[in-house]
Amino acid sequence: MGANLLVLGGTTEATALARALAERSVQATFSYAGRVETPRPQPIPHRVGGFGGVDGLATYLSDHNITHVIDATHPFAAQMSWNAFHACRQTGTPLLALTRAPWGAQTGDNWRHVPDMTGAVAALDGSAQRVMLALGRLHMDAFAAQPQHHYVLRLVDAPKIAPAVPHHTVVVARGPFSVVGDTALFKQHNIDMVVCKNAGGAGAEAKLHAARALGLPVVMIDRPDLPTRDNVATVEGVFDWLEGN
Ligand code: 3Y8
Ligand code: NAP
């Protein structure tokens with residue numbers, strides 16, 4: 001029986017993989033969680049929404065005769081990655097992660113590493129600053145614990161309820177972003193500091209180049225623990241892996 005892949009998507013790399021799968025006519029389904037109103041269309045069939053935990057995913061794999069799972073989700077989508085790890089072990093389905101390498105500080109960078117969102121909030125103790133909170137919507141309300149700052153919030157969709165942080169400017173935009181665009185944005189809003197996740201990859205990297213150019217400090221949230229599984233960093237690596245699995 002030919003391959004029938006499930007691609008857990010939502011990243012630039014997942015989109016590049018979907019394009020390569022379509023070009024090679026590999027049977028595959030692209031999966032979105034349904035986090036944003038209009039997810040980017042893909043050149044392969046797609047599904048939207050949770051599976052219903054590990055058991056829901058295991059049932060999906062069996063019902064749809066999935067032969068391989070490619071976890072191309074964001075490194076902070078840890079729950080999805082752990083669910084995929086357990087469901088694939090339960091069903092004996094080969095699992096591969098397509099994960100971009102973490103970013104590393106370069107000459108001229110002024111990074112402060114924190115282990116998680118709580119650490120990022122704690123790192124904002126002190127007098128009022130103008131903070132670029134490049135974390136999206138799901139975690140922005142945690143920063144109400146540091147109400148003294150003015151936050152620039154970059155969100156994929158306009159918020160349905162007012163953000164909890166009292167002083168804020170919402171910028172509705174979806175990446176991939178550009179260095180020119182992010183540098184202009186930081187200047188326009190007189191940003192003093194950037195807070196972000198160590199997402200890796202090219203789609204979110206522009207803000208680090210802009211921070212470096214402007215000499216801004218960065219609070220960098222390190223990645224959560226992810227399961228140990230087969231892992232490649234390129235689309236070509238996925239096809240090499242498929243050859244042997
Ligand atoms: C729904 C699907 C593609 C994928 C594009 C990448 C790059 C642009 C940069 C900043 C950082 C952030 C956020 C971000 C980036 C890519 C990639 C990436 C960061 C879309 C998308 C979905 C999501 C979900 C969304 C989260 C949010 C996170 C915004 C599509 C556009 C901050 C992560 O409002 C919400 O609920 C948003 C939720 C999870 C994190 C958060 O906590 O809010 N991504 N982003 C996916 C689904 O439903 O399954 O329409 O493309 C995808 C992309 N966003 O194919 O071009 O590869 O990472 N996404 C972070 O890195 O910190 C923005 O502003 O600088
Ligand atoms: P998460 O916290 O790891 O997952 C929470 C639940 O959402 C999962 O248990 C699963 O629900 C569902 N889910 C997550 N990703 C899914 C997918 N691709 N297809 C189907 N269901 C999915 O996930 P998250 O951090 O909210 O990320 C959600 C999506 O946004 C993912 O596609 C991810 O790649 C993308 N994204 C996330 C970030 C980020 O910063 N977290 C950044 C860029 C893109 P069930 O348990 O019901 O199956």
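For ligands, and for the atoms within them, numbers begin at 1 and follow the listed sequence.
- Residue Gly175 has at least one heavy-atom neighbour below 4.0 Å for each of these atoms of ligand 1: 8 (C).
- Nearest protein heavy-atom contact of atom 1 (C) of ligand 1 is Val36 CG2, 3.7 Å.
- A donor-acceptor pair is defined here as one N or O able to donate and one able to accept, closer than 3.5 Å; such a pair exists between the side chain of Asn4 and the backbone of His64.
- Set against the non-hydrogen atoms of Pro176, the atoms of ligand 1 under 4.0 Å away are 8 (C).
- Here the options are Ile66, Thr91, Asp55, the test is side chain to side chain contact (heavy atoms under 4.5 Å, CB included), and the partner is Tyr60; only Ile66 passes.
- Taking the charged nitrogens against the carboxylate oxygens, Arg130 and Asp192 have no contact shorter than 4.0 Å, which rules out a salt bridge.
- A salt bridge links Glu236 with Arg24: the closest approach of a Lys/Arg side-chain nitrogen to an acidic carboxylate oxygen falls below 4.0 angstrom.
- Numbered from 1 in the order shown, with element, the atoms of ligand 1 that lie under 4.0 Å from a heavy atom of His139 read 42 (O).
- Near Gly136, meaning under 4.0 Å from any of its heavy atoms, are these atoms of ligand 1: 32 (C), 41 (C), 43 (O).
- Among protein heavy atoms, the minimum distance from atom 42 (O) of ligand 1 is reached at Leu138 CB, 3.2 Å.
- In this structure, the protein non-hydrogen atom closest to atom 46 (C) of ligand 1 is Tyr32 CD2, 3.8 Å.
- Looking from atom 16 (C) of ligand 1 to the surrounding protein, the closest heavy atom is Thr12 OG1, 4.2 Å.
- In this structure, atom 48 (O) of ligand 1 has a protein heavy-atom contact shorter than 4.0 Å.
- Residue Gly34 has at least one N or O atom closer than 3.5 Å to an N or O atom of ligand 1.
- Within 4.0 Å of ligand 2, counting heavy atoms only, the contacting residues are Gly9, Gly10, Ser31, Tyr32, Ala33, Arg35, Arg47, Gly49, Gly50, Phe51, Gly52, Gly53, Thr73, His74, Phe76, Ala77, Ala78, Gln79, Met80, Asn83, Leu138, Lys197.
- There is a protein heavy atom less than 4.0 angstrom from atom 29 (C) of ligand 1.
- The closest protein non-hydrogen atom to atom 64 (O) of ligand 1 is Arg154 NE, 2.8 Å.
- Closer than 4.0 Å to atom 34 (O) of ligand 1 lies at least one heavy atom of the protein.
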Cut-off 3.5 Å, no hydrogens considered: what does the side-chain donor-acceptor table look like for residues 155-164, sequence neighbours left out?
unit_1	atom_1	unit_2	atom_2	d
Asp157	OD2	Glu37	N	2.9
Lys160	NZ	Glu37	OE2	2.6

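- Not close to ligand 1: Cys196, with no non-hydrogen atom less than 4.0 angstrom away.
- Not a single protein heavy atom sits closer than 4.0 Å to atom 26 (C) of ligand 1.
- Per-atom contact check: atom 7 (C) of ligand 1 touches the protein, criterion being a heavy-atom distance below 4.0 Å.
- Not a single heavy atom of Leu155 sits under 4.0 Å from any atom of ligand 1.
- Those atoms of ligand 1 that come under 4.0 Å of a heavy atom in Thr15, given as number and element, are 3 (C), 55 (O).
- Between Arg40 and ligand 1, an N or O atom pair is found at a separation short of 3.5 Å.
- Backbone and side-chain nitrogen or oxygen atoms of Arg137 are examined, and one is located within less than 3.5 angstrom of a nitrogen or oxygen of ligand 1.
- Checked by distance only, ligand 1 and Arg100 come closer than 3.5 Å through their nitrogen or oxygen atoms.
- Under the ring pair (Phe, Tyr, Trp, His ring centres under 6.0 Å) criterion, Trp103 pairs with no residue at all, not counting sequence neighbours.
- Protein heavy atoms are absent from the space less than 4.0 angstrom from atom 44 (N) of ligand 1.
- If you check which protein heavy atom lies closest to atom 20 (C) of ligand 1, you get Gly10 O, 4.5 Å.
- Applying the ring-ring contact (aromatic ring centres under 6.0 Å, His included) test to every pair with at least one member in residues 21-48, sequence neighbours left out, gives these pairs: Phe30-Tyr32.
- Shown here, atom 18 (C) of ligand 1 is out of close reach of the protein: none of its heavy atoms lies under 4.0 Å off.
- The protein heavy-atom contact nearest to atom 61 (O) of ligand 1 is His74 NE2, 3.0 Å.
- Summarising the contacts of atom 40 (C) of ligand 1 with Arg19, Lys197, Arg35, the nearest heavy atom is found in Lys197.
- Counted within 6.0 Å of CG on Asp63, heavy atoms from surrounding residues, nucleotides or ligands total more than 12; the atom is thus considered enclosed.
- Under a 4.0 Å criterion applied to the non-hydrogen atoms of Leu135, ligand 1 contributes the atoms 32 (C), 40 (C), 41 (C), 42 (O), 43 (O).
- Between Ala33 and ligand 1, at least one N/O pair is under 3.5 Å apart.
- Protein heavy atoms are absent from the space less than 4.0 angstrom from atom 14 (C) of ligand 1.
- Of all protein heavy atoms, the one lying nearest to atom 31 (C) of ligand 1 is Arg174 NH1, 4.0 Å.
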